[in-house]
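For ligands, and for the atoms within them, numbers begin at 1 and follow the listed sequence.
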Amino acid sequence: KKNGYPHYMLKEIHEQPDALHNTITPRLRDGLPDFSDDGIPDQVFADCDQIAIVACGTAMYAGMVGKALMEPLLKIPVSVNIASEYRYESPLVDEKTLVIVISQSGETIDTLAALRLSKERGAKVLSVVNVKGSTIARESDYVFYTHAGPEIAVASTKAYMVQLSSLYLIGCRMAMVRGKFTEQEAAAFVDQLLSSIPAVEKILEHKSRIKTAAGVLSKAKDAFFVGRGLDYAFSLEGSLKLKEISYIHAEAYAAGELKHGTIALIEENTPVIAVATQDHIYGKTISNIREVRARGAFVILITKKGAEIPEGICDIHFEVPVSDDRFAVFPVAVILQLLAYYTSDLKGLNVDKPRNLAKSVTVE
Ligand code: F6R
């Protein structure tokens with residue numbers, strides 16, 4: 001069942017290129033996103049004046065990436081909401097809001113309650129769901145199915161990956177419908193999205209160095225993930241993955257926030273995983289890394305291939321092959337997943353079934 005892999009998680013990490021392919025290609029017609037087979041009319045994308053993304057956990061972190069991608073692209077407000085908070089707040093959703101609900105299982109109770117509240121308020125609900133015919137899929141106005149196949153490991157990997165690709169496709173179609181993308185621009189965007197598949201494969205070919213880095217993490221009590229913008233959105237998921245399967249306390253911070261308190265926690269050899277793939281803020285992130293470095297942090301740095309790396313800035317460096325910064329998340333996610341995976345395995349923990357957690361959360 002595990003196809004020769006020691007754990008479902010590792011098997012599922014390796015299934016990501018196929019999962020991406022299966023989710024993206026059925027939605028392409030003449031190289032452009034087209035959701036007619038999904039029954040999602042363009043009207044849904046034209047009619048709204050804001051987007052509210054609602055989800056829990058990893059799915060919510062996929063939403064954070066979605067926001068960082070969509071807001072500058074569409075020039076409308078995009079909010080990301082924790083379902084268990086949203087449902088008890090008084091969310092500002094109305095008929096002009098497109099609510100995007102994200103859920104692998106389609107059964108998460110808080111997410112379902114948030115969906116029902118959104119519909120009561122008159123919003124249209126588009127859900128991004130992996131499990132066919134699940135409750136969230138049945139109750140949504142429109143469903144965009146991710147095709148990850150069954151995910152067995154409690155820690156979500158391939159589902160996150162395809163949630164991201166779905167949000168990229170939705171963002172692209174929406175930009176076309178709303179006149180923010182010409183057909184050429186949309187086609188170029190889709191090309192970049194497709195090139196994330198070989199980028200993910202490339203990381204999978206070089207796992208051994210990631211295992212070496214995990215050797216350091218496995219001895220740590222705390223770890224920090226830092227990045228800005230999209231890099232911060234990826235870091236949140238990296239930190240959750242490490243916490244949930246390795247039981248190491250981990251936090252993700254927007255790199256510029258460190259000096260407002262958190263830097264007090266950095267000691268000699270505290271691991272800091274710094275994600276710096278975004279050109280326009282690269283220099284700023286690097287200066288934040290210098291600050292933790294000066295306090296003795298053990299720095300694992302992730303940049304784009306070819307980035308200029310200042311002398312002595314890090315202990316371990318990983319590069320991701322991307323040309324358009326917006327697509328860095330795909331290979332970066334694989335590095336962060338493998339870091340968590342190997343750390344848990346090196347600690348001899350139950351990778352696929354971490355303590356206290358369930359795959360589908362149907363309690364409030
Ligand atoms: C973490 C993880 C959880 C889920 C969350 C939502 O690895 O898997 O954080 O992402 O419980 O679950 P779904 O997507 O089924 O609604």
Review point. How close does the nearest protein non-hydrogen atom get to atom 11 (O) of ligand 1, and which residue and atom is it?
Key: Val361 CG2, 4.1 Å
Exercise for review: Give the numbers and elements of all ligand 1 atoms closer than 4.0 Å to a heavy atom of Cys56.
Suggested key: 5 (C), 6 (C), 10 (O)
**Study point:** Glu15 side chain vs Ala148 backbone, donor-acceptor pair below 3.5 Å
**Key:** no
Study note, to complete from the structure: Taking only non-hydrogen atoms of Gly57 and a 4.0 Å limit, the atoms of ligand 1 in range are 9 (O)
Check your understanding: Within the structure, does Thr111 bring an N/O atom to less than 3.5 angstrom of an N/O atom in ligand 1?
Key -> no
Review point. Using a heavy-atom cut-off of under 4.0 Å, does the side chain or the backbone of Glu107 touch ligand 1, or both, or neither?
Key: neither
Exercise for review: For residues Ile273 and Leu217, determine if any side-chain heavy atom of one lies less than 4.5 Å from a side-chain heavy atom of the other.
Suggested key: yes
**Study point:** Arg355 to Tyr247 six-membered ring, cation-pi geometry met (6.0 Å, 45°)
**Key:** yes
**Study point:** Cation-aromatic face contact Lys124/Tyr142, 6.0 Å, 45 degrees
**Key:** no
Review point. Is the backbone N or O of Phe189 less than 3.5 Å from a side-chain atom of Gln192, with the two atoms forming a donor-acceptor pair by type?
Key: no
Check your understanding: If only atom types and distance count, is the side chain of Ser246 paired as donor or acceptor with the main-chain N or O of Lys243 below 3.5 Å?
Key -> no
Review point. Between Tyr160 and Phe234, is the gap from one ring center to the other below 6.0 Å?
Key: no
Review point. Tell me: protein heavy atom nearest atom 4 (C) of ligand 1, and distance?
Key: Thr58 N, 4.0 Å
Review point. What atoms of ligand 1 come within less than 4.0 Å of a heavy atom belonging to Ser156?
Key: 7 (O), 8 (O)
Check your understanding: Between Met60 and ligand 1, which part of the residue brings a heavy atom under 4.0 Å of the ligand: side chain, backbone, both or neither?
Key -> neither
**Study point:** Residue part near ligand 1, for Asn130, under 4.0 Å between non-hydrogen atoms
**Key:** neither
Study note, to complete from the structure: Per-atom filter on ligand 1: closer than 4.0 angstrom to a heavy atom of Ala155 are 7 (O)
Point to revise | With Tyr88 via ring pair (Phe, Tyr, Trp, His ring centres under 6.0 Å) - residues at least two apart | key: none
Practice item. Using a strict 4.0 Å cut-off to heavy atoms of Lys241, name the atoms of ligand 1 that fall inside it. Key: 1 (C), 7 (O)
**Study point:** ligand 1 contact by Leu357, heavy-atom criterion under 4.0 angstrom
**Key:** no
Review point. Is it the side chain (CB and beyond), the backbone, both or neither of Thr108 that lies under 4.0 Å from ligand 1, heavy atoms counted?
Key: side chain
Practice item. Carefully, step by step, assess His317 and Glu319 under the rule side chain to side chain donor-acceptor pair (under 3.5 Å). Key: CA-CA 7 Å; His317 176 216; Glu319 289 184 331; 4.6 Å; no
Review point. Does Asp18 come within less than 4.0 Å of Lys158, counting only side-chain N to carboxylate O?
Key: no
Check your understanding: Counting each atom of ligand 1 from 1 as listed, which ones have a heavy atom of Ala59 under 4.0 Å away?
Key -> 10 (O), 14 (O)
Practice item. Mind telling me whether Phe144 and Phe35 have parallel, tilted or perpendicular rings, with 30° and 60° as the class edges? Key: perpendicular
Exercise for review: Starting from atom 14 (O) of ligand 1, find the nearest protein heavy-atom neighbour and note its residue, name and distance.
Suggested key: Gln104 N, 2.6 Å
Practice item. Going by heavy-atom distance to atom 15 (O) of ligand 1, choose the closest among Gly106, Ser134, Ser360, Ser105. Key: Ser105
Review point. What do you reckon, does Glu244 have a nitrogen or oxygen under 3.5 Å from a nitrogen or oxygen of ligand 1?
Key: yes
